[in-house]
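On a predicted model such as this, the values are computed, not experimentally measured, just so you know.
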Amino acid sequence: MSINCAAVDRLIDSMSFTQKVGQLNQRLLGWKSVERNAAGRLVASDELKQEIDRWGGLGTLYGLLRADPWSGQHWGNGIRPEERTEAIAVVQQTVLERGAYGIGVLLSEEAPHGHQALGGTVLPTNLGLGATFDPQGVQEAEAAVAAELAASGIHIALVSGLDIARDPRWGRCEECFGEDPLMAARMCEAIVTGMQGEHRSKVGHGGVAVVLKHLAAQGEAVGGRNGQSAVLGPHDLHEIHLPPVAAGVRAGALGFMAAYNDIDSVPCCANPWLLKDYLRDQLGFDGIVMADGLAVDRLEDMAGSIPAAGRAALLAGVDVSLWDEGFTRLEEYADDEQVVAAVDTALRRVLELKAMFGLLPEDGADTAAIAMPSADAIAQATADGREQAKRMAREAITLINDGQSAATLDDIRSVIADAQAGPVIVAGPFADDFGCFLGDYTAPLPADEQSSVYRQLVARLGEDRVLLAAKPSDAPADQWARASTVVFVCGSTSERSYDSEFDDNGAAKAVTEYGATCGEGVDLSDIRLPWRQDDMLGEVAALTTAPIVSVAVCGRAHVLTDVLERSAVTIWAGYAGQYGPQAVADVLVDGADMSGRLPVTLPAYPAAIPVRYNDRQSAAHVYKDAAEPILRGFGYGAGSLAAVTFSEMHADTQSHPGEVLVQVTAHADDHGAAGAVNLFAHVSGGRRIPRLAMLVDSVYMDLNAGERRDIAFHVPCDRLRDVGDGQVQVTCTLDGDSTHTVTATLPGEY
C-alpha cells in the first residue's frame with residue numbers, strides 16, 4: 001500500500017503531544033490485552049482499554065499471540081490457532097473504537113526461528129540454520145513463517161540474525177547464524193527478502209515488516225556475559241559485527257532492535273553514532289528503531305532518572321519502546337524543543353509503517369479499514385511452514401566424525417537395517433526428549449506433534465528392536481552385551497518449564513540442576529557438556545562393544561572431545577527444530593545425506609576459549625596444557641560433499657573489475673551430493689595483522705550422480721584489500737583443503 005505523505009503530515013499536525021508519545025510506546029504485554037468472559041469468548045481486558053484511553057490510541061502491541069513459560073500462556077489458556085482471528089478483531093476494534101483518529105495498532109510478534117505462538121511453525125534455531133550454509137533455503141523458510149504471521153493479522157516480526165557467536169559461554173549463541181560475518185549477512189538478507197519480499201513487495205500483501213535484532217556487537221560481550229560491554233575497536237566492529245546490519249538495510253529491512261550491551265561504554269540504545277550516523281546517514285536506513293525489552297529503563301544509571309533515560313534513547317535514535325517506562329515519561333519534556341522534534345520524526349516513521357499495512361484511515365474515512373485474518377490462509381501457511389521446517393532440519397544435520405573406530409556410518413546403517421542383529425539402544429539424557437531440539441523462544445507444541453530420537457527409531461524399527469536407556473543402569477548388562485548399535489543423544493537444552501523463574505525481560509533467572517543449559521540468561525563458565533554427560537558416555541562405552549553413534553544436540557560450541565574419542569560416528573544437530581528427531585532418524589535408518597557444516601569452531605578444551613577461525617593469531621601451541629585447542633573448525637562437514645572431488649582451480653583478477661574470480665570444477669561421485677562449497681582467503685601485504693582466514697564466498701550446489709560442474713566464486717576486492725599503497729597478496733583455499741589453493745596479487749590502492 002502506498003503512503004499518503006500529506007495524510008501522515010495532517011495526522012501529526014492534529015495530534016496532541018500525549019497522543020504522539022502514545023504512538024511510540026509498546027509498553028503493554030499483548031497476552032494481557034484480552035481475556036475470556038463467562039462464555040469463554042475473548043474480550044478486551046481493562047488493561048488494554050486503560051492503555052488506549054491513556055494515550056488516545058495505541059502505537060504497537062507486543063506478543064498478543066505469544067505462548068511460553070514466561071508469558072504463562074499454554075494450550076490450556078492461550079490463544080489457539082483457530083482463535084487468532086477473534087483475538088485480532090477484538091484488539092483492533094477496541095483500538096479503533098476507543099482511540100482517536102481511527103488509527104489501528106501495529107502487532108509485533110517474536111519470530112526468532114518461527115512464530116512463537118500456539119500452533120506456530122518451529123524452524124531450527126539460527127545456529128542450526130547457519131549449519132545449512134543455504135541462504136536460499138532460509139529465505140524460503142522465512143517466507144513461509146511470514147505468510148503465517150501475515151495471515152494471522154501480524155505486522156512486525158522480531159527476528160534474530162545480527163548477532164555473531166564470538167564466545168561459546170554466551171547463552172544466546174543459538175540465536176546466531178554462527179561466527180562468520182559474511183554468512184550472517186547473507187542469512188539476514190535472506191530473512192528480509194523472504195519475509196518482506198523483494199523491494200518490500202510483500203509488506204501488507206502476505207508478508208510482514210522485519211525488525212532485525214540485535215544492533216550491535218552483542219556477541220562480543222566480555223566473558224560471554226549477556227548484555228555486558230563489547231570491548232572492541234571500530235575496525236573489528238565494522239568487519240565482524242556490522243556486515244549483517246548493512247545487508248539488512250540493503251535488503252530493505254523496515255526495523256532494527258537496539259541491543260542491551262554497550263560498545264566501548266556507550267549503550268546501543270543511547271548511541272547516536274550507531275543509530276543515526278551509521279545506520280541512517282551512512283547506510284540510508286529509513287525504517288524504525290525499536291529498543292530491546294526494558295533496555296531504555298536500563299539507561300537510568302547513565303542518564304540519572306527514568307524520564308531522562310527515555311529522553312536519551314529518543315534523541316539517540318530510538319523510535320519505539322518495548323515494555324519500558326522511559327518512553328511513557330516523554331510527556332514530561334513537552335517544552336523541550338529537541339524532544340518535540342524527535343517525537344515528530346519518530347512518529348512519522350511509525351505512521352508510515354502503519355500506512356503500509358492499511359492501519360491509517362483512507363481519505364474521507366473516519367477509521368482504518370483493517371483486513372481480518374483468514375482461518376484458511378492461516379492453515380495453509382502453517383502447513384507450508386511445517387514442510388519448510390522439515391527440510392531445514394534435514395539440511396542442518398552435520399557429520400563431524402565418521403569411522404573413529406572400525407565401524408563407519410555405512411557399516412552402522414547396515415547393522416541397523418538388519419532385523420536379525422541385536423538391539424539398538426538409545427541412551428543419554430536426551431534419548432527420549434523433544435524439547436532439547438526446540439531452542440529458546442518456542443511455544444509449547446501439542447503432545448501429538450512431539451517426538452524424540454528414541455520414538456522415531458521405535459516407529460521405524462519396532463519396539464522389540466529398540467531399547468531406551470536414558471541412564472546406563474536403565475538397561476540390563478545382557479542387553480548392553482547384545483547391542484548391535486548404541487545411539488547416544490547428548491548436548492544441551494533451552495527448554496523452559498512453567499515453574500521456572502525469569503527476569504523482567506523474560507530471560508532465565510534461576511536454572512534448576514536439570515533445567516535449561518542454554519538460551520537467554522543461561523551464560524556458562526564451563527562449556528563442557530552439562531550433567532556429567534562425558535562420564536555417562538564413558539560408562540556406556542565400558543558396558544558394550546557395539547559401535548556408538550553420538551547425536552550432539554547443541555545450542556553453542558560445547559566441548560565434544562570425549563564424545564568424538566568414544567564414538568564411532570558423531571552427528572551435530574544444533575537445535576534442529578520440531579522435526580529434528582525425524583531428521584536424525586532419516587540419517588540413521590533411511591540413509592539420508594548430511595549436507596550441514598559447522599557454523600562455529602568447536603573447542604577441544606573448556607578453558608581454551610574463545611577460538612574462532614577468523615582470529616588474527618592462532619591459538620595452536622599457545623597453551624602448554626592444550627597444544628591443539630580446536631577440535632573441529634568452522635565449516636567442517638564430513639557429509640555428502642566429502643565424496644566430491646575438485647580440480648582445475650584458478651584465479652582471475654583481470655576479467656571482472658573490482659573482484660577476484662575464482663573458478664573450480666566439481667565432480668560428484670555415483671551418489672550425487674548437495675551442500676555448500678566455501679572459499680576462504682588469507683590476505684597479506686596490508687597495514688594490519690591479517691586474519692588467519694576469511695570466508696569470502698560460499699556457493700550452495702546440488703549435484704546429480706556423476707555430474708561435473710564448474711563453480712565460480714566472486715570475491716569483491718574491497719573485502720580483500722587493506723588501506724595502503726602496496727600490493728596485496730590473496731591466498732584462496734577451498735574449504736580448508738590445502739590441496740586446492742590459488743594465489744592472486746592485487747595492485748595497490750584504487
Side-chain angles (χ1 to χ4, degrees), residues 127-133 164-169 173-174 176-180 183 395-405 408-409 488 490-492 518 527-529 533-534 537 548-576 584 587 593-615 618-623 626-643 675-678 680 691-695 698 733-738:
L127 200 64
L129 292 176
T132 71
F133 281 70
I164 306 295
R166 298 283 286 172
D167 192 321
R169 291 171 291 186
C173 284
E174 65 178 85
C176 307
F177 285 113
E179 67 186 48
D180 179 73
M183 189 51 61
E395 284 194 33
I397 304 300
T398 304
L399 182 62
I400 61 172
N401 189 45
D402 188 8
Q404 179 71 21
S405 65
T408 66
L409 178 58
F488 186 79
C490 57
S492 57
C518 202
I527 59 166
R528 288 174 294 186
L529 291 179
Q533 293 179 65
D534 288 333
L537 179 56
I548 298 173
V549 178
S550 286
V551 179
V553 185
C554 299
R556 67 172 97 224
H558 279 294
V559 173
L560 300 177
T561 303
D562 287 348
V563 173
L564 264 65
E565 288 179 354
R566 290 169 171 153
S567 307
V569 172
T570 305
I571 295 168
W572 189 87
Y575 288 156
V584 171
V587 167
D593 286 335
M594 285 174 280
S595 58
R597 291 185 176 277
L598 284 175
V600 287
T601 300
L602 296 186
Y605 302 93
I609 56 170
V611 284
R612 288 79 55 117
Y613 91 96
N614 53 6
D615 285 333
S618 173
H621 307 291
V622 172
Y623 300 102
E628 299 294 343
I630 293 176
L631 182 67
R632 287 286 187 266
F634 168 83
Y636 183 90
S640 62
L641 286 180
V677 181
N678 299 323
F680 295 88
R691 297 191 182 279
L692 299 172
M694 299 185 300
L695 180 68
S698 177
T733 306
L734 197 63
D735 281 317
D737 182 353
S738 59

So do [Y] and [X] actually touch side chain to side chain, heavy atoms under 4.5 Å?
| X | Y | result |
| --- | --- | --- |
| Asp562 | Leu537 | no |
| Ile630 | Leu602 | no |
| Leu529 | Val559 | no |
| Asn678 | Phe133 | yes |
| Ile571 | Ile400 | no |

Search all heavy atoms of [X] against all heavy atoms of [Y] and return the closest pair with its distance.
| X | Y | value |
| --- | --- | --- |
| Asp534 | Arg566 | O-NH1, 2.9 Å |
| Val600 | Gly178 | CG1-CA, 4.0 Å |
| Pro599 | Leu127 | CG-O, 3.4 Å |
| Ser567 | Ser550 | OG-OG, 2.7 Å |
| Ile527 | Ala557 | CD1-O, 3.5 Å |
| Pro603 | Thr561 | O-OG1, 4.3 Å |

(message) Go through it in stages, so that I can follow the logic: the residues are Asp180 and Met694, the test is side-chain contact (heavy atoms from CB on, under 4.5 Å), and I'd like the CA-CA distance, side-chain angles, deciding distance and then a yes or no.
(response) CA-CA 8 Å; Asp180 179 73; Met694 299 185 300; over 6 Å; no
Sub-3.5 Å donor-acceptor pair from the side chain of [X] to the main-chain atoms of [Y], do we have one?
| X | Y | result |
| --- | --- | --- |
| Arg691 | Asn614 | yes |
| Thr132 | Leu129 | yes |
| Arg556 | Arg169 | yes |
| Ser595 | Asp593 | no |
| Arg612 | Glu179 | no |

(message) If the condition is ring pair (Phe, Tyr, Trp, His ring centres under 6.0 Å), which residues does Tyr613 pass it with, not counting sequence neighbours?
(response)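 Phe634, Phe680.
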(message) Which residues pass the ring pair (Phe, Tyr, Trp, His ring centres under 6.0 Å) test with Phe177, not counting sequence neighbours?
(response)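 Here no residue qualifies.
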Pairwise distance [atom1]([X]) to [atom2]([Y]) - rounded to 0.5 angstrom:
| X | Y | atom1 | atom2 | value |
| --- | --- | --- | --- | --- |
| Ser618 | Leu692 | OG | CG | 6.0 Å |
| Glu565 | Leu631 | CD | CG | 8.5 Å |
| Ile164 | Cys173 | CD1 | SG | 11.0 Å |
| Asn401 | Leu560 | CG | CG | 10.0 Å |
| Arg597 | Trp572 | CZ | CH2 | 13.5 Å |
| Gln533 | His558 | CD | NE2 | 8.0 Å |

(request) Give the C-alpha distance, both sets of side-chain angles, the deciding distance and a yes or no for side chain to side chain donor-acceptor pair (under 3.5 Å) between Tyr575 and Ser492. (result) CA-CA 9 Å; Tyr575 288 156; Ser492 57; 2.9 Å; yes
(request) Kindly indicate, with the supporting measurements, whether the criterion side-chain contact (heavy atoms from CB on, under 4.5 Å) is fulfilled by Leu695 and Met183. (result) CA-CA 8 Å; Leu695 180 68; Met183 189 51 61; 4.2 Å; yes
(request) Give the intermediate values and the outcome of side chain to side chain donor-acceptor pair (under 3.5 Å) for residues Thr408 and Asp402. (result) CA-CA 6 Å; Thr408 66; Asp402 188 8; 5.0 Å; no
